[in-house]
Chemist: 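Here's a structure for you.
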Amino acid sequence: LSSLSLSISLSSLGKETQTTVRTGHAALSPLFSIFHSKGLQLRTRFRILWFCWGCLFQNFLGRHPRTFIFISRHAMPLPTFTWEDVAACNTEKHALVSIRNKVYDVTKFLDQHPGGRTQLLLGAGRDVTQVFESYHKESTKSVLEKFYVGDLTSNELPTFPEPSKFFTTLKERVNQHFKSTNQDPKHAPWMYVRYVFILSLFIAGFIGQLVFADSWGLCWVSSTLLGVAGALIGLMPMHDGSHFAVSHNPNVWNMLGSIHDVFNGCSHLVWAYQHTLGHHAYTNIDGADPDIMTSKPDIPDIRRIKGTQTWFSRYLKQHVYAPVLYTLLSIKTRLQDLYIVYVLKMDGPIRINPLRTEEHAMIVGSKLWFFTYRVIFPMLFMSWQQSLVLFFYSDAVSALWLALAFQASHVVGEVAWPHPDKDGVIHQDWAEMQVATTMDYSTNSWLVTFLTGALNHQVTHHLFPGVCQYYYRQVTPIVVQTCKDFNIPYNYKDTFSEAIGAHFNHLYNLGREPVKSD
C-alpha cells in the first residue's frame, strides 16, 4: 500500500468523476464523506473500506506513522459558469478568474498574490488566460488548483489553442539565456537612472517655460523638452509599471504607473485595462483589441484602419490629416478616462471593474492637479494666451511622439489582422499571432530604442511583457532565430522612418476607394 493510488469511478452520482486517493499526511475523513454519499455502488463502498483498513493496519505496524488520504478532486461534480457568471464576481469581496476554461476563486488569495492585490483585481471577473500564461512560469499553474471551483461554458472574447511548440521552445531559450548569464529579467538599475533623467528633463522644461517666459526662443525650447519628456514618461516608467517589468515589488509598479497620472494627467489604471488586458491579449483582433476600436462598420469614423470598415470619401486624405489628429491624443485620453470610468464603464470591449476609493481619488485628483499646475499656475508668470499656447504645443509634441511610436508597430499593412471563427476561436497559437500582428524596426539602434521606450522591439515586448525593456536587445535575437527555426515570418523595417512610412502608406491605401468587383 505504500505506493497505492486508488481510482474510484463514481458514475452512479450522475457524472463520471475520478477521485484519486494517495497516502500522505492528514486524516481519512474526506474519504469517509464519499463513502456516505447517496447512490454510491456497494462495490465502490467496499473498495473504499478495504483501502482505509489497509492504511490503518500499516499505521499500526509502524511502517507509515503519518498515513494520510489525499483527495485530488472532489467526488461531487463541480458547478459550471458562464462568462456572465464570472463577470459578476469582480470585486475584492468575491473575485473569480478563468484560465483555459477553468474557473478559480481567488478572493482569499488577493493578499497572498506575489504580484499584489491591485494586479489580481484587474483580472477579476474575466478570462485571463493569455495574461496569465505570458507573465507566469509553467510551474505557477500548480498553485491554482486549490482555488479551482468549476468550469467555464462560454466565452466573452476570442480564445486560443494551447501554447504551441514554438512558444514553449522560445520560453525555454529565453529562460536559459537569463539563467546562463545570471541576470534577473526584472532587475535593471540602469532603468532607474533613465527614470530620474526623464523626470528631471520634464521638470527642467516646465520651469524653463516660466523662467524664460519673456524669451520666446528659450520658451519654445523648454516647451519642446517638456513635451518629449512627457512622452518618455508614458514610454518608460508608466509602461514598465503597467507590465510589472521592473522590480518584483508591486508597490514599485504602482508608483511608476502613478507618475503618468501626476505628471501627464492620464490614468494609468485605465491604460492597464486597455493595454495590458485588452491590446496585449487580443492584438489586432477586430472587436476585441481596444487599440483598434472604431465606430460601427457603416458609420463614418475619423480614420479607416481596417478592411472591415465601410469606405467613405472622407478617408481619401486621412494620411494627410492623421498627424494633426495625433497631436490631440493626450487631451482626448484625459477626457476619455472620465467617460470610460464613470459613463461607459467599458474601454472598448474591456469591462472596467468597480473602482476602490483610492482609485477614484487618483483619477479625479490627478486631473485636477494637472489642470492646476499645467494651465492655471503658469498664468502667474505669463499671459493666459501664452500659457495656453505653450500648453497645447508641448502636449501636441508629447501626443504625436507617443502616437507614432505605437502606430508603427501594429497599424501597418505588413501585419496580420486575425478574425475568430463563428465560435470565437482563433485557430492560431497566441504567440505566433503576436509575431504575425506586430512589426519591429531599427532594433540595432540604441537611440531609437531609448526614444521609443523599446517599442521598436515590439515582438519581444508582446511575447515577454514582464521582462524589463533594458534586456530587449538581448532577447530579440533569440526571438528572431526561433522564428527562423519554426518558419514563422518576422516583420521588420530597418529604420524608424521606414516604419512610420509603412503606417502612413497603410492609411493611404485604406483611404482609397475600394475597387468594386463585377
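Since this is a predicted model, take the numbers as computed values, not measurements.
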Chemist: Kindly assign one of parallel, tilted or perpendicular to the pair Y135 and F244, based on the angle between their ring planes and the thresholds 30° and 60°.
Modeler: tilted
Chemist: Inspect the contact between K146 and D105 and indicate whether a charged nitrogen and a carboxylate oxygen are less than 4.0 angstrom apart.
Modeler: no
Chemist: Atom CD1 of I426 and atom CD of E432: how far apart are they, to the nearest 0.5 Å?
Modeler: 13.0 Å
Chemist: Salt bridge between K171 and E138, side-chain N to carboxylate O under 4.0 Å?
Modeler: no
Chemist: Donor-acceptor pair, D440 side chain versus V459 backbone, under 3.5 Å?
Modeler: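 Yes, D440 side chain to V459 backbone: donor-acceptor pair under 3.5 Å.
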Chemist: Any luck finding a side-chain donor-acceptor pair between T118 and R356 under 3.5 Å?
Modeler: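 T118 vs R356: donor-acceptor pair found between side chains.
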Chemist: Is any NZ, NE, NH1 or NH2 atom of the basic residue among D485 and K165 found under 4.0 Å from an Asp or Glu carboxylate oxygen of the other?
Modeler: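 Looking at D485 and K165, the cut-off is not met.
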Chemist: One pair to check against side chain to side chain donor-acceptor pair (under 3.5 Å): Q209 and S223. What are the steps and the verdict?
Modeler: CA-CA 6 Å; Q209 288 186 137; S223 187; 3.1 Å; yes
Chemist: So, for F406 and W271, which heavy atoms are closest and what is the spacing to 0.1 Å?
Modeler: CZ-CH2, 3.6 Å
Chemist: Can you tell me if H280 and Q434 form a side-chain donor-acceptor pair at under 3.5 Å?
Modeler: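 No pair is found: no donor N or O on one side chain lies under 3.5 Å from an acceptor on the other.
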Chemist: Can you find a side-chain donor-acceptor pair between T82 and D85 that sits under 3.5 Å?
Modeler: yes
Chemist: Assess whether a salt bridge exists between E156 and R126, defined as any Lys/Arg side-chain N lying under 4.0 Å from an Asp/Glu carboxylate O.
Modeler: no
Chemist: Run the ring-centre check on H268 versus H239 and record whether the distance is less than 6.0 Å.
Modeler: no
Chemist: Report yes if the distance between the aromatic ring centroids of H187 and H248 is under 6.0 Å, otherwise no.
Modeler: no
Chemist: For the CZ atom of F167 and the CG atom of D429, what is their distance to the nearest 0.5 Å?
Modeler: 7.5 Å
Chemist: Testing the 3.5 Å rule here: is there a donor-acceptor pair between the side chains of Y472 and N456?
Modeler: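 Short answer, no.
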Chemist: Could you tell me how the ring of Y373 sits relative to the ring of F370: parallel (under 30°), tilted (30 to 60°) or perpendicular (over 60°)?
Modeler: perpendicular
Chemist: What I want to check is whether the side chains of H177 and Q474 have a donor and an acceptor closer together than 3.5 Å.
Modeler: yes
Chemist: Salt bridge or not for D337 and K367, using N-O below 4.0 Å?
Modeler: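 A salt bridge links D337 with K367.
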Chemist: Does the Lys NZ or Arg CZ of K493 fall within the cation-pi geometry relative to Y441 - under 6.0 Å from the ring centre and within 45° of the axis?
Modeler: no
